[in-house]
Amino acid sequence: MFTDKDKIHVMMPATMARAVMFMNTNKSEENIRKMINGNRLKCGQAGILLDDEAYVVCKGPDRDIDRDGINLLISLLLTGRYDTVVVERMTDLTTDRSDLVEFMKDAAGIGVGFFVLSTMRFHMYGMGGMETGGSPCGLPNGFHLEVTV
């Protein structure tokens with residue numbers, strides 16, 4: 001592991017994290033599969049194993065934390081099979097900051113973090129602090145890793 005003043009660089013871990021993808025999209029099933037295949041490659045570069053069938057798709061414009069897709073995601077996380085949620089942006093989960101903070105706290109409580117494809121960074125609530133670079137969504141006490149591949 002190499003650390004400098006502004007970033008934490010992490011090499012690919014010896015064991016890969018298991019992840020479930022969460023997407024907000026109205027694309028066809030064929031296009032969703034293409035996107036997941038591309039995202040699987042990005043995740044693999046960061047040491048994250050995105051399973052073939054491990055994804056939840058929310059269709060429609062709703063970004064409310066109480067929607068069915070989030071409930072399905074929570075059910076999958078509670079199985080203990082996954083330790084990472086992959087999203088394009090954190091706002092795919094919800095646009096409400098307090099709901100997002102609460103969701104991240106609950107996820108961290110069961111050992112689940114978030115890998116954001118748009119920044120290629122991992123976030124887990126309660127680990128590290130703003131001195132490690134904070135998080136792009138501005139959450140307090142956030143943690144991020146800049147993955148170098």
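The first residue in the sequence is number 1, and the count goes up from there. Computed over heavy atoms, backbone and side chain alike; hydrogens, waters and symmetry mates excluded. It should be emphasised that the depicted structure is a prediction, and the values quoted were computed from it without experimental measurement.
Looking at every heavy atom in both residues, A46 comes nearest to F115 through CB-CZ, 3.6 Å. Between A54 and Y82 the shortest heavy-atom distance is CB-OH, 3.5 Å. The shortest heavy-atom contact between K42 and M120 is O-CE, 3.6 Å. Nearest heavy-atom pair, G113 versus F122, reported as atom, atom and distance to 0.1 Å: CA-CZ, 3.5 Å. Smallest separation of non-hydrogen atoms from A19 and I48: CB-CG2, 3.4 Å. Looking at every heavy atom in both residues, L77 comes nearest to V112 through CD2-CG1, 4.0 Å.
A side-chain donor from one of D96 and S98 sits under 3.5 Å from a side-chain acceptor of the other.
Here the rule is side chain to side chain contact (heavy atoms under 4.5 Å, CB included) with R89, and of D92, L93, V87 only D92 fits it.
Under a 4.0 Å N-O distance rule, the pair D51/R81 qualifies as a salt bridge.
Between the side chain of T91 and the backbone N or O of T94 there is no donor-acceptor pair closer than 3.5 Å. A side-chain donor-acceptor contact under 3.5 Å links S75 to the backbone of N71. R40 contributes a side-chain N or O that, together with a main-chain N or O of L50, makes up a donor-acceptor pair within less than 3.5 Å.
Atom CG of residue D68 and atom SG of residue C58 lie 7.5 Å apart, to the nearest 0.5 angstrom. Taking CE from M124 and OG1 from T84, the interatomic distance works out to 7.5 Å, rounded to the nearest 0.5 Å. Rounding to the nearest 0.5 Å places OH of Y55 at 11.0 Å from CE of M21. Rounding to the nearest 0.5 Å gives a distance of 6.5 Å between CG of N39 and CD of E88. Here CE of M23 is found 13.0 Å from CG of L73. Values are rounded to the nearest 0.5 Å.
F22 places a side-chain heavy atom less than 4.5 Å from the side chain of I70. The side-chain heavy atoms of V116 and M90, taken from C-beta on, include a pair separated by under 4.5 Å. Contact of the I74 side chain with the L78 side chain is registered, since non-hydrogen atoms from C-beta on lie closer than 4.5 Å.
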